[in-house]
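Inspection log for the structure reproduced underneath, given as structure tokens.
Numbers here are sequence positions counted from 1. Remember, it's a predicted structure, so these values are computed and weren't measured experimentally.
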Amino acid sequence: LEFDGDAFDIGDGINFFTIDEAYNGELDKDEGSPEDAFFVYSTDNDTLYYDDINGDGSGYYIVATVESGDAITADDLSVAA
């Protein structure tokens, strides 16, 4: 999956996390606290989320759902200039 770096407010690298529960807008403290926008893949509901964490209350967005049995990793994502 390729994402527009400007549209998704991501720089050269992608912050990516995999969690085993549905994403509710907050990462477990063990996952770290990213300072920039990030993607979260939930193995609980096979959903890829984008969270811009810009503090304007817009929250997070579902950007993809994955067929059961497949998965998304950080290597599956790239940024277009």
Discussion item. Give me the atom names and distance for the closest heavy-atom approach of Ala22 to Asn45.
Written reply: CB-ND2, 3.8 Å
Worksheet item: Between Tyr60 and Asn24, what is the shortest heavy-atom contact and its length?
Response: CE2-C, 3.5 Å
Worksheet item: Is Thr47 reaching over with its side chain to a backbone N or O of Val66, donor-acceptor style, under 3.5 angstrom?
Response: no
Worksheet item: Of all residues at least two apart in sequence or in a different chain, which pass the side chain to side chain donor-acceptor pair (under 3.5 Å) check with Asp46?
Response: Tyr41
Fill in: For the student: nearest non-hydrogen atoms of Tyr49 and Ser42, plus distance
CE1-CB, 4.0 Å
Response to the item:
So CG of Leu77 and CG of Asn15: to nearest 0.5 Å the spacing works out to 11.0 Å
Worksheet item: Would Thr73 and Thr18 count as a side-chain contact (heavy atoms from CB on, under 4.5 Å) if you check the C-alpha gap in whole Å, the side-chain angles of each, and the deciding distance to 0.1 Å?
Response: CA-CA 8 Å; Thr73 67; Thr18 300; over 6 Å; no
Fill in: Non-hydrogen atoms of Leu48 and Phe16 that approach each other most closely
CD1-CE1, 4.0 Å
Worksheet item: If every non-hydrogen atom of Thr65 is compared with every non-hydrogen atom of Ile62, which pair is closest and at what distance?
Response: CG2-CG2, 4.3 Å
Worksheet item: Do the side chain of Asp51 and the main chain of Phe38 share a donor and acceptor less than 3.5 angstrom apart?
Response: no
